[in-house]
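Inspection log for the structure reproduced underneath, given as structure tokens.
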There are 2 protein chains.
Amino acid sequence: MLVFWRHGYEGASLATLTEAMGISTTSMYAAFGNKEELFRKALERYTEVPSAYLAEALEEPTALGVATAILAGTVRTTTLPDNPSGCMGVQGALAASDSGRGVRDLLVAWRQNGYAQVGERFQRAVDEGELPPETDPGLLARYVTTLAFGIAVQAASGVGRAELQEIADTALRNWPPA
Amino acid sequence: MLVFWRHGYEGASLATLTEAMGISTTSMYAAFGNKEELFRKALERYTEVPSAYLAEALEEPTALGVATAILAGTVRTTTLPDNPSGCMGVQGALAASDSGRGVRDLLVAWRQNGYAQVGERFQRAVDEGELPPETDPGLLARYVTTLAFGIAVQAASGVGRAELQEIADTALRNWPPA
DNA sequence: CGAATTCTGTAGTGATCGATACATAAAGGG
DNA sequence: CCCTTTATGTATCGATCACTACAGAATTCG
């Protein structure tokens, strides 16, 4: 997972992957089938562990709490000292060759899924009367995820954790934004 | 340039590149030296043409005008119907293998340069008294570029122009954010 | 303990990568 | 008009890609 995270899908060679996993190519193919399936499993694990902050954030009692937890989790996960900088769901395959289109589409769906979950959570906040009834929960979710993806790109560019957290704080000082 | 824009640096093969340019590999190597130099030239052209909105935006009379023009230009350029979706400066090489580290670092510097230009422009706005003196122009620039990079990721994921422009409008409705 | 079965490492598959050597075609100068 | 020079296309280079065949090691079960 760390290799895919750091180098992306196409930038991670089988040799590097198997060496990091401590197994040989044969064992990897017996266990996963091919490189794309291995990436799918790695993405599942990434979702469950480093990106677990998303599911936890959705359980925050208020919409602002959700947004705050999402951005704080993004900042933390994209700037872990011993892990690659950035978000695997973003830099795993943002652009790819024809052979990597399957994984690229997988990550598009992964990001879309994150957006949809946040949108449903904000819809609930509207339904419950926490957010004004004229609020567009989809737009709000797109706004928060856009900030998160932007933070991920900045982290991949080497921007530090403190500065990114300041950006998150600044953005959410005005809430709801619309 | 379009091939690099669409497939990224490592996802663009020499065969695809030369076919799109209408020349043979020999002519390409005689003219540019190698693939990395070709990418540098393509990035220069990208900066001068599709990304020209940045330089124009910096000449807007107000800081809000600058931010508005940057985000509007980002939305427009990342969702051109006949061009690849997204920003070449982001998806060109966000993650890469070891052999692509040079280009990855080049794009990190490219994004950092964009941030620095915006920061200087906002510093001028502070000096001229347009923005409150306690404003941190660097933080403001990081905020705007974060939104721009986030928009680029969303565009690469297939989000449409109208929705992205709504996000930009929503974000800048509160200005300055800090 | 011994035979069958599962698993793992080594070596090598064709395909494609970026990059070149060589031969041919076009262009420039006397 | 011919020779020199520059530029281009073809065919191929070694390296590496994802992937697999085969053989030996470990394990399981009678």
Side-chain angles (χ1 to χ4, degrees), chain A residues 1-46 84 88-110, chain B residues 1-46 84 86 88-89 91-110:
Chain A
M1 179 182 72
L2 293 174
V3 176
F4 280 133
W5 190 351
R6 183 179 304 279
H7 294 115
Y9 174 66
E10 293 189 316
S13 72
L14 263 299
T16 308
L17 287 164
T18 52
E19 184 187 349
M21 293 189 292
I23 62 175
S24 70
T25 58
T26 308
S27 307
M28 195 282 287
Y29 275 92
F32 299 96
N34 57 31
K35 187 185 177 184
E36 183 166 336
E37 284 302 318
L38 175 62
F39 184 85
R40 298 184 109 92
K41 291 292 181 187
L43 183 62
E44 283 181 23
R45 176 166 299 187
Y46 180 82
M88 178 173 160
V90 173
Q91 67 206 22
L94 199 53
S97 70
D98 292 334
S99 71
R101 179 161 296 177
V103 169
R104 184 184 158 279
D105 293 346
L106 171 68
L107 287 184
V108 167
W110 185 85
Chain B
M1 176 183 72
L2 294 174
V3 176
F4 279 132
W5 191 351
R6 183 178 304 278
H7 297 293
Y9 173 67
E10 292 188 316
S13 72
L14 263 299
T16 309
L17 287 164
T18 52
E19 184 187 349
M21 293 190 292
I23 62 174
S24 71
T25 58
T26 309
S27 306
M28 195 283 287
Y29 275 92
F32 299 96
N34 58 30
K35 187 185 178 185
E36 184 167 335
E37 283 302 318
L38 175 63
F39 184 86
R40 298 184 111 90
K41 291 292 181 185
L43 183 62
E44 284 182 20
R45 177 166 298 186
Y46 180 83
M88 178 173 159
Q91 67 205 23
L94 198 54
S97 69
D98 292 334
S99 70
R101 179 161 295 177
V103 168
R104 184 185 159 279
D105 292 344
L106 172 67
L107 287 183
V108 167
W110 185 86

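By convention in this document, chain letters (A, B, ...) are assigned in the order of the sequence lines, proteins followed by strands, and residues within each chain are numbered from 1. Since this is a predicted model, take the numbers as computed values, not measurements.
At whole-Å resolution of the value, NZ in A:K35 and C1' in D:dC19 are 12 Å apart. Separating the CG atom of A:D98 from the P atom of D:dA18 is a distance of 16 Å, rounded to the nearest angstrom. B:L38 places its CG atom 12 Å from the C1' atom of C:dG18, with the value rounded to the nearest Å. Straight-line distance from the NE2 atom of B:H7 to the C1' atom of C:dC17: 16 Å, rounded to whole Å. Rounded to whole Å, atom P of D:dC17 lies 18 Å from atom CD of A:E36. When rounded to the nearest whole Å, the span between CZ of A:F32 and P of D:dC19 equals 14 Å.
Around CD of A:E19, the count of heavy atoms belonging to other residues, nucleotides or ligands within 6.0 Å does not exceed 12.
A donor-acceptor pair is defined here as one N or O able to donate and one able to accept, closer than 3.5 Å; no such pair exists between the side chain of A:Q91 and the backbone of A:R6. Put simply, the side chain of A:E10 gets close to the backbone of A:S97: a donor and an acceptor are under 3.5 Å apart. Not a single donor-acceptor pair under 3.5 Å links the side chain of B:T16 to the backbone N or O of B:A12.
Rounded to the nearest 0.5 angstrom, B:R45 CZ and B:K41 NZ are separated by 10.0 Å.
For B:Y29, a side-chain nitrogen or oxygen approaches OP1 or OP2 of C:dA19 to under 4.0 Å.
The only option from B:Y9, B:Y46, B:F32 that meets the ring pair (Phe, Tyr, Trp, His ring centres under 6.0 Å) definition with B:F39 turns out to be B:Y9.
Near-neighbour residues of DNA chain D inside residues 10-28 of chain A, defined by a heavy atom below 4.0 Å, number-ordered: A:A12, A:S13, A:L14, A:T25, A:T26.
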